Amino acid sequence: MFSEPLTIADLKRRAKWRVPKMFYDYADSGAWTQSTYKANEADFAKVHLRQRVLVDMSDRSLASTMVGQDVSMPVALAPTGLCGMQHADGEILAAQAAEDAGVPFTLSTMSVCSIEDVAENTSKPFWFQLYVMKDRGFVESLIGRAKAAGCSALVLTLDLQILGQRHKDIVNGLSTPPKFTPKHVWQVGTRPFWALEMLQTKRRSFRNIVGHAPASSDLSSLAVWTAEQFDTRLSWSDVEWIRERWDGKLILKGVLDVEDAEMAAKTSADAIIVSNHGGRQLDGALSSIAMLPKIVDAVGNDVEVHMDGGIRSGQDVLKARALGARGTYIGRPYLYGLGAMGKKGVTRALDILRKELDVTMALCGKRDIEEIDRSILAKVDF
Ligand SMILES: Cc1cc2nc3c(=O)[nH]c(=O)nc-3n(C[C@H](O)[C@H](O)[C@H](O)COP(=O)(O)O)c2cc1C
């Protein structure tokens, strides 16, 4: 029915066919009008590359580092909540695919598989993304569990102390696990492959939280739980509170403003991620790729700068690298791969990006990702 997936868009089509609507929509949505979600992708098309010819294109290398760790290409898997609802055991499968590909996997606090589940099923350190809740004892316990699991970086998310509204989640009545209303039974029943796999796993709730955090009124609803538990008073001083408890690499995720980037650069963080949470929080914010060069110009000498949001191809990765991002992250591209084909699909998503990145770099006349800078970009003036 589907031809061989050659692009991230091909994986997205397959995921839509395989994953129940409420979870597919959860991935494929942005806040309010979705303008920032759309801009993240669309603005990459405004960045152009210089085509170079008759230069040696042999022996190319995409190998690089992110926060000092070796990566086979500068692409990490972004933390995504409910990843294990795109496919049974999704976080474990995505982490394994990332490990095979030599790129970092970041586990979300709001994951289905727990820190321990992922650690037991992988052999290299992964990264852990932290949301800060009002209950600091619970936050400390999460940090302790990440340490015990051997996580090599902590990604502290700064842009979600309150949840941006995504209309589709409300219309769909999103919950984990799904409720037993006729609508939800229909959504699951029409996705039999997904349902059969899900029946075979015991991992169907927020396993970082359930049994670890104090009871909450409705943990199955992300919106309700977030509103109750997340700390709306999170401030710059809390970054140091976390730093005192975490001596590994610390990455601050969700910086989109030059003034905030300057504040972030003054902390003891090792890197910042220029990000608007994939357009899921402040609708109307500028795209990540539009803000990236401004932030790099302001703080690029003081702190390592990464970015995410809207990457759908290897060309996008190269453009981000050219504009100063030492590392990039993908969210939806690997979620679509996961929903479409499980672990194989995440591997396929990474292979697609790697090939596009490699060929594009060569056609720009470069052989080493470390040589990439703004000189590969072309200005349009016609
Ligand atoms: C379905 C979904 C769930 C997400 N959950 C989280 C999360 O739990 N923590 C977090 O820091 N970011 C989360 N994000 C944001 C991603 O980490 C990342 O910033 C974003 O997906 C990048 O944009 P892209 O999807 O266009 O690649 C989520 C994104 C998506 C699409």
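We use all heavy atoms of the structure for the numbers below, so side chains are in, but hydrogens, waters and symmetry mates are not. Both counts, for ligands and for their atoms, begin at 1 and track the order of listing. All of these numbers come straight from a predicted model, not from anything done at the bench.
Looking at Asp351, its side chain never comes within 3.5 Å of a backbone N or O of Arg348 through a donor-acceptor pair. With hydrogens and angles disregarded, no donor-acceptor distance shorter than 3.5 Å links the side chain of Asp231 to the backbone of Val132.
A cation-pi contact links Arg280 to Tyr26, judged by a cut-off of 6.0 Å to the six-membered ring centre and 45° from its axis.
Protein residues with any heavy atom under 4.0 Å from ligand 1: Tyr26, Ala27, Ala78, Pro79, Thr80, Gly81, Ser108, Gln129, Tyr131, Thr157, Lys253, Ser275, His277, Gly278, Arg280, Asp308, Gly309, Gly310, Arg312, Ile330, Gly331, Arg332, Pro333, Leu335.
The distance between the ring centers of Trp32 and His167 falls below 6.0 angstrom.
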Counting only pairs under 3.5 Å, give me each side-chain donor-acceptor contact of residues 313-320, with atom names and distances, residues two or more places apart or in other chains.
| residue | atom | partner | partner atom | Å |
| --- | --- | --- | --- | --- |
| Ser313 | OG | Gln315 | N | 3.4 |
| Ser313 | OG | Asp316 | N | 3.2 |
| Ser313 | OG | Asp316 | OD1 | 3.4 |
| Ser313 | OG | Asp316 | OD2 | 3.4 |
| Asp316 | OD2 | Arg312 | N | 2.8 |
| Asp316 | OD2 | Ser313 | N | 3.4 |
| Lys319 | NZ | Phe44 | O | 3.0 |
| Lys319 | NZ | Val47 | O | 3.0 |

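When the shell of 6.0 Å around CZ of Arg52 is examined, it contains 12 or fewer heavy atoms from other residues, nucleotides or ligands.
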